[in-house]
Amino acid sequence: MEQSKSVANMEMTGAKKVIETLKQLGVDTVFGYPGGAILPIYDALYQSGIRHILTRHEQAAIHAAEGYAKSTGRVGTVIATSGPGATNLVTGIADAYMDSVPLVVITGQVASPFIGTDAFQEVDVIGITAPVTKYSFQARTPEELPSLLAEAYQIASTGRPGPVLIDIPKDIASTHCMYQTSLPATKRIKQAISEIDTDQMEAIRQTISQAKRPLLYIGGGIVSGNASEELLRFVKETGIPVCSTLMGLGAYPPDEPLFLGMLGMHGTYAANMAVYHCDLLLAFGVRFDDRVTGKLERFSPQSTKIHIDIDPSELSKIVPVDYSLVCDVKTALQALLLPSPTPDCEEWRMQVQQWAQEYPLAYDQDQEGALKPQFVIDLLSKITNGNAIVTTEVGQHQMWAAHFYRAKKPRTFLTSGGLGTMGFGFPAAIGAQIAKPESTVVCIAGDASFQMNIQELQTIAELDIPVKVFIINNRFLGMVRQWQEMFYENRLSESQIGGPDFVKVAEAFRVKGLRAETMADAELVIQEALAHPGPVVVDFLVEESENVFPMVPPGKANSELIMKGWGG
Amino acid sequence: MNEQTIQMMVVNHPATFLRILGVYSRRGIQIDRMSINRADQQHLSNVRITVQCDSSMIDHLSKQLAKQVDVISVFKCSTYDKNNV
C-alpha cells in the first residue's frame, strides 16, 4: 500500500507502454520489419529513442538479433507483424532455441475479435512456435503488457537462455489504459538451481584426482555461462587437455598447448582420439550432440563421465553419466577450484600432444594453383590475429572456419550449430557489428548460403554497417556434394549451384566489391577489405573440389575418422 | 513397455496444454488417459497423464515437463505402484 501511493499513474496506449517498458528494461536496439498488425507499436517506436534496425526480411532481423545477443550476452529483441511477418521469424526462433540464444520476439496479431477467424494476415503464431520457444505469451489485456514484457526478458535470459515470444493483438496495442510508471515485479520464474551438493562435488574431485587419462569436453555453456576465465585456471591447475564443440570455440584460447581443437564429425585427430581413449570425460556445458558423439554405443567407451549443465533435462539424455551436477558451469568450476584436483596424467598429456603434432589440421596450397578455401581462412586468422568477430554461414566453409579461424575470445565465433541455418551468418554479422561498432566483424560465407539473405546488402549499404563478407565461392553446395561423393556414389543431384557476379551485385547495392583468385590476390584483398571503413563483399574464387577432412563418417566411432581426401 | 503415469501441478491458461502435450507428441508417445482438475487456487490445475513407455522414456519426459515454465511440480507414479497402495 505504501508503495502504491508513491507510484505515479499515467494514461497511454498499450503500444506506447510497450516501448516505455522496453526502455525501462534497458533495451536500446531492436531489429525488425513493420506491417499492418504491428503498426501501433511502430507508431510508438517513432522518435522514441530506441534504435530500430530495418532489415529487408524478417528472417534477417531475427538472425541479426541473434548476432547481437551472441556477441554481447544481452537479450536480442526483434519485432515483426502478424501472419507472414511472424512465420518468416520461425527459422530464427528455432535457431535460437537450438543454440540457447536469449531473444524476445514481439509479433503483431490481428485484433482480438478476429483471432481464430482466418482473418487477413492471421496465423496462430503461439501454436506454430510452441515447440521452438522457451515460452510464449499472447496479451489478453493492455494492462498486462508491462508485466509480460518484464517476464519475457527474465525468462529469456535466466537458466538456459532461449527465445520467448510475445504476441500482441492490434486492439490491445491501440487501447488507452492507466499504467503505473514503475516497472512491475516479475513472477512465475523458475530459477535454475545453483546449489552444489558438497558430497557430489567431493566425489567428483576424487574421481578427477584419480584419473590417468582425463579430458575436458567443453561447449556453448562455457560461453553463455561466462566461465572462460575459470576454465583456463582449472586447466592450468589440473593439466587436463581440452577439446571443444563447435559452439564452444572461443571459450578457450586456441594457442594454449593443452587445446586439442574441435571434436566430432569434423573434429581434429587429436580431439577425436582423446575422447575415444580417455578414462575420464569432463563434459562441461555440452549436450552430447550427434555431430560430436558419432556412433553412440562406441562414444568414449572407457571413460567415467561427469556432466555439468544448467539444464537438468540434458543430464543422461543421450549418454548415461556417472556423476552430474545441475549448475551453471561458472559456479561449478569456482567450487572445483577450491582446491583443484591434481590428476597424475603426464603420460596422457604427452600422448595427446603427440597425436596433435602427428596429425595437425592441414591443407595443400600450391603457389601457382587454385586458391584453397582453407588458405583464405587461415590467412584471415593470421591477419586479424584471431581478434575479429567472425560469423559463419553453414556448410564446408563453416567447418573450415572452425578449423582455421583461431578465435581468441568467447563471443567472437558466432555460428549456427544446432539448427545449421544457411542464411544465418550475414545478418548475424550485422547484429554483432551493431552491438560492437568498434570491432572488425567478418562473415565467412559460402556462395550458396550468402544468396539466402543477400538482400541485406541494402541494410548494410543504407546504414553504413562496415561488415566484411568473405564469400568462399566454390560454385557448389559443397557439403551436400561431399556427402554425395562419399555416400551416394557421386550422383551430384542439384548440388552444383550457380551464383551471380558477387562483385557487381555488391556494387549495385553501393557496397565495395572485391575479388581474389590467387594466393597473392587473397592477401592484398583481405588487407584492403579490412582497411576499408565501410562494408565490403569479397568474392574468393576457390578450388571447387576441395572437401572437409578429418571426417568421422556417420555411424562410425570417433576413432574411425578419415584423414585424407576420399578415393584419392 | 509399461503403463506409466505422470502427475503434475500446472498453471492453466489457454496455451498450457499446447506445450505439455507437445512434450509427448514430439517423442511419438500416444496418450492413453488424461485428466485435468482445477485446484483450489486460481489458475492452477492438477493433471494426470497415462501412457505406455519404458522407464528411461518416462524419466526423459518428466525432466522435459519439469522444465516447462507453466509446470510447478512433476511426480512419476506408475500404475503398478498405485495398485499396491
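Chain A is the first sequence line, chain B the second, and so forth, proteins listed ahead of strands; every chain is numbered from 1.
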pair B:P14-A:R140: side-chain heavy atoms closer than 4.5 Å: yes

Verdict with supporting geometry, B:H60 and A:S316, side chain to side chain contact (heavy atoms under 4.5 Å, CB included): CA-CA 9 Å; B:H60 177 73; A:S316 295; over 6 Å; no

Distance, nearest 0.5 Å, that separates NZ of B:K63 from CG of A:L315: 5.5 Å

Inter-residue atom distance B:Q68.CD - A:K134.NZ, 0.5 Å rounding: 11.0 Å

Any B:R19 side-chain heavy atom under 4.5 Å of A:S136 side chain: yes

Closest-packed option against chain A by number of heavy-atom pairs under 4.5 Å, given B:V23, B:D59, B:L18: B:L18

What pairs of donor and acceptor atoms, side-chain ones from residues 110-117 of chain A against any protein atom, are under 3.5 angstrom apart with sequence neighbours left out?
residue: A:S112; atom: OG; partner: A:D171; partner atom: OD1; Å: 3.0
residue: A:S112; atom: OG; partner: A:D171; partner atom: OD2; Å: 2.8
residue: A:T117; atom: OG1; partner: A:F114; partner atom: O; Å: 2.6

Close contacts, residues 122-130 of chain A versus chain B, judged by heavy atoms under 4.5 Å: A:I126, A:G127, A:A130

Crowding at CG, B:N37 (>12 non-hydrogen neighbours, <6.0 Å): yes

Minimum-distance pair of heavy atoms, taken over all atoms of B:H13 and A:Y135: NE2-OH, 3.0 Å

